[in-house]
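A short write-up of the structure that comes next.
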Amino acid sequence: MPDDKNRSDAVLSSEKTRDQYETYPYPARNPEDEDKRLVTGSPGNWDEVVHFVFGGRDPSAKGKIKILVAGGGTGDALVMLAQQARDRKAKAEIVYIDLSESSRAVAEARIKRRNLEKSVTFVTGSFVDLAKEYGPFDYIDCCGVLHHLPDPDAGLRALAESLKPNGGMGLMVYGELGRQGVYHMQEMMERLSAEAGGAKRLNFGKALFNSLPGTNWLKRNPFVGDHIHGGDAGFYDLLLHQQDRAYRVDEVFDFVEQAGLRLQNFIEPMRYDPTTYCSRHDVLEKAVHVPFRERAAIAELMAGNITKHTFYVVKAKNKIKAPVPSEDAIPFFTRVDGAALARSVAKTGNIKITFTGLAVTRTMPGASPAILSRIDGERTIREIYELFDPKPEKFEFNAQFAVMYSVLNAANLMYLRYRDKK
């Protein structure tokens, strides 16, 4: 009998989630905007995927790859992945699965607007039940979905079972500490209006939010305002969801490991490093000389502003690691103009990085401007060194490059890749 009740509760929860996204497809998107811009982000940026999942070697360079967008919503990840595949002339077969027909309609319209229909298969339903049927996949993108499942652990295991042995996933789940007040609001809704849905629930939620005093944790949290003031779909998704949970860093690791997966890294890595938030050597002595999991958990507690955890995973037995600087590696910029960065570093000697209300300044090695100005996304580190005249000592060049790269990579501003083997 308890099993029957659990199954019934899970079905009811899934139905509420589906109904929410039928009424308020999320995120709200206008297909006509595809003429003006491409929505990009993490996970799913292909440069990130190649770096963190495939060790700097793009599998689409050698043949067809198969991608799953699990819980694709209105299509941000789908459109980004499909457009990136076309831009690099890759043979990509992409499967989109989502419960909501309304969300799927928006995603389909966006794909059609870009003439990308031939590369995409659309499926309405639960990826927990359907992923394995359409797999196996080289890459799976599941952003902001698993935390809305009745059983997130089972959902991630289902995705892992549909993943190729050497494939990987880009995932995002909510972070608990940076969402302070969100779950207070959801609890208030549960106590005051548990069964309300649709416009009735939205209107009541807005009235409740507007009545909250300035002392309320949600009103005092500056890190979630873009959703609160970003339209009905964003307000509903953030504050009124009836199936929603958040994770601390330790829980993310447990979540990944129970599915037979290994966490490659978080995005941005700098946010999960205690040295980003603290400069006291007596504190850092205890905070950094510990395993990666413990360092990341300490950093999360220090930061207080991590609203979501974005990360890449591979199967536990997969030995692939993200590339590190070597002579044959090709450095390239992301999210930043390399020439402008070189000029800025030459002028100030440092780089300022801002994320979620926090500004971090890092001093760059003296050779950084000269190195940065020679990076074109095609030259290897060896070829960049050969451009110097006179040439610095090789060990000094390598040391300065390594320090420079560690800063930029931790901020998701530079990655490494390798040339395709003939």
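Index from 1, following the sequence.
Between His147 atom NE2 and Cys142 atom SG the span is 8.5 Å, to the nearest 0.5 Å. Rounded to the nearest 0.5 angstrom, Ile384 CD1 and Glu378 CD are separated by 11.0 Å. The structure places CE of Met414 at 4.0 Å from CE of Met404, a figure rounded to the nearest 0.5 Å. Going from atom CD1 of Ile371 over to atom CG of Leu387 covers 11.5 Å, rounded to the nearest 0.5 Å. The CG atom of Asn318 sits 13.5 Å away from atom NZ of Lys164, with the distance rounded to the nearest 0.5 Å. To the nearest 0.5 Å, atom CG of residue Asn221 and atom OG1 of residue Thr307 are 8.5 Å apart.
Across every non-hydrogen atom of Glu101 and Glu22, the tightest pair is N-OE2, 2.8 Å. Considering all non-hydrogen atoms of both residues, Ala92 and Ala85 come closest at CB-CB, 3.7 Å. The two residues Val53 and Gly167 have their closest heavy-atom pair at CG1-C, 4.1 Å. Between Pro323 and Tyr418, the shortest heavy-atom distance links the atoms CB-OH, 3.6 Å. Nearest heavy-atom pair, Leu81 versus Gly44, reported as atom, atom and distance to 0.1 Å: CD2-O, 3.3 Å. Between Ala107 and Leu78, the closest heavy-atom pair is CB-CD2, 4.2 Å.
In this structure, a donor-acceptor pair under 3.5 Å is absent between the side chains of Asp98 and Ser100. If you check the side chains of Ser42 and Arg335, you find a donor sitting under 3.5 Å from an acceptor. Of the N and O atoms on the side chains of Arg88 and Ser60, at least one donor lies less than 3.5 Å from an acceptor on the other residue. A donor and an acceptor atom, one from each side chain of Arg262 and Gln264, are located under 3.5 Å apart. At a cut-off of 3.5 Å, with distance as the only test, no side-chain donor of Tyr236 or Gln20 sits close to an acceptor on the other residue.
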- request: Run the numbers on Glu190 and Gln186 for side-chain hydrogen bond (donor to acceptor under 3.5 Å, both in side chains), then give the verdict.
  value: CA-CA 6 Å; Glu190 185 69 19; Gln186 291 185 9; over 6 Å; no

message: I'd like to know whether Leu341 forms a side-chain contact (heavy atoms from CB on, under 4.5 Å) with Ile351, so could you lay out the CA-CA distance, the side-chain angles of the two residues, the decisive distance to 0.1 Å, and finally the verdict.
response: CA-CA 8 Å; Leu341 178 61; Ile351 180 172; 3.7 Å; yes

task: May I have the step-by-step check of side-chain contact (heavy atoms from CB on, under 4.5 Å) for Leu301 and Arg248, ending in yes or no?
output: CA-CA 9 Å; Leu301 289 164; Arg248 297 271 289 271; 3.5 Å; yes

task: Apply the test side-chain contact (heavy atoms from CB on, under 4.5 Å) to residues Arg179 and Asp244: give CA-CA distance (whole Å), side-chain angles for both, the deciding distance (0.1 Å), then the verdict.
output: CA-CA 12 Å; Arg179 284 164 63 86; Asp244 182 350; 3.3 Å; yes

- request: Walk me through it: do Asp138 and Ile67 pass the test side-chain contact (heavy atoms from CB on, under 4.5 Å)?
  value: CA-CA 6 Å; Asp138 297 281; Ile67 296 171; 5.7 Å; no

- request: Given side-chain hydrogen bond (donor to acceptor under 3.5 Å, both in side chains), test Ser326 with Asp328 step by step and report yes or no.
  value: CA-CA 6 Å; Ser326 64; Asp328 294 331; 5.8 Å; no

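Although no hydrogens or angles enter the test, the distance criterion places a donor-acceptor pair under 3.5 Å between the side chain of Asn305 and the main chain of Thr356. With hydrogens and angles ignored, the 3.5 Å screen pairs a side-chain donor or acceptor of Glu383 with a backbone N or O of Thr380. Without hydrogens or angle criteria, Gln243 side chain to Thr17 main chain gives no donor-acceptor distance under 3.5 Å. Without hydrogens or angle criteria, Asn412 side chain to Glu268 main chain gives no donor-acceptor distance under 3.5 Å. The backbone N or O of Pro27 sits less than 3.5 Å from a side-chain atom of Thr74, completing a donor-acceptor pair. A donor-acceptor pair is defined here as one N or O able to donate and one able to accept, closer than 3.5 Å; no such pair exists between the side chain of Ser373 and the backbone of Ala342. A distance-only check finds no donor-acceptor pair linking the side chain of Gln242 to the backbone of Lys16 [under 3.5 Å]. Side-chain atoms of Arg417 never come within 3.5 Å of backbone atoms of Asp58 as a donor-acceptor pair (strictly under, hydrogens ignored). A donor-acceptor contact shorter than 3.5 Å is absent between the side chain of Tyr415 and the backbone of Gly56.
Exactly one residue among Phe266, Phe355, Phe311, Tyr277 makes a ring pair (Phe, Tyr, Trp, His ring centres under 6.0 Å) with Tyr272. That residue is Phe266. A side-chain contact (heavy atoms from CB on, under 4.5 Å) with Tyr24 holds for exactly one of Leu202, Asp19, Asp237; it is Leu202. Results of the ring pair (Phe, Tyr, Trp, His ring centres under 6.0 Å) test with Tyr247 over Tyr174, Phe253, Phe255 single out Phe255 as the only residue that passes.
More than 12 heavy atoms of other residues, nucleotides or ligands sit less than 6.0 Å from atom CZ of Arg220. Around the NE2 atom of His289, the shell of radius 6.0 Å holds more than 12 heavy atoms that belong to other residues, nucleotides or ligands. Atom NZ of Lys66 has more than 12 heavy atoms from other residues, nucleotides or ligands within 6.0 Å. The neighbour count for Lys394 NZ, taken as heavy atoms of other residues, nucleotides or ligands under 6.0 Å away, is above 12.
Taking 4.5 Å as the limit, some side-chain heavy atom of Arg113 sits within range of a side-chain heavy atom of Asp35. At least one side-chain heavy atom of Arg245 sits under 4.5 Å from a side-chain heavy atom of Glu251. Side-chain contact between Arg280 and Leu284: absent, with no pair of heavy atoms (C-beta onward) separated by less than 4.5 Å. Taking 4.5 Å as the limit, every side-chain heavy atom of Thr348 sits out of range of all side-chain heavy atoms of Met364. With a 4.5 Å cut-off on side-chain heavy atoms, Pro43 and Leu171 do not count as touching. Using a 4.5 Å cut-off on side-chain heavy atoms (C-beta onward), Trp217 and Tyr183 make no contact. Using a 4.5 Å heavy-atom threshold, the side chains of Val336 and Leu408 count as separate. Val224 has its side chain within reach of Leu218: a pair of non-hydrogen atoms, C-beta onward, lies under 4.5 Å apart.
Comment: Glu117 does not engage Arg114 in a salt bridge, judged by the lack of any side-chain N to carboxylate O separation of less than 4.0 angstrom. By the 4.0 Å N-to-carboxylate-O rule, Arg110 lies close enough to Asp76 to be salt-bridged with it. For Arg293 and Asp254, the salt-bridge test passes: some basic side-chain N is under 4.0 Å from an acidic carboxylate O.
A cation-pi arrangement is not found for Lys391 relative to Phe397, the charged atom failing to lie both closer than 6.0 Å to the ring centre and inside a 45° cone about the ring normal.
Ring pair Phe54/Trp46 is tilted by interplanar angle, where 30° to 60° counts as tilted. Ring-plane geometry between Phe235 and Phe209 is classed as perpendicular, the angle between the planes exceeding 60 degrees on a 0 to 90 degree scale with a lower cut at 30.
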Under 3.5 Å, side-chain donor or acceptor atoms of residues 124-134 against the rest of the protein: list the pairs with distances, not counting sequence neighbours.
residue, atom, partner, partner atom, Å
Thr124, OG1, Arg104, NH1, 2.9
Ser126, OG, Val128, N, 3.2

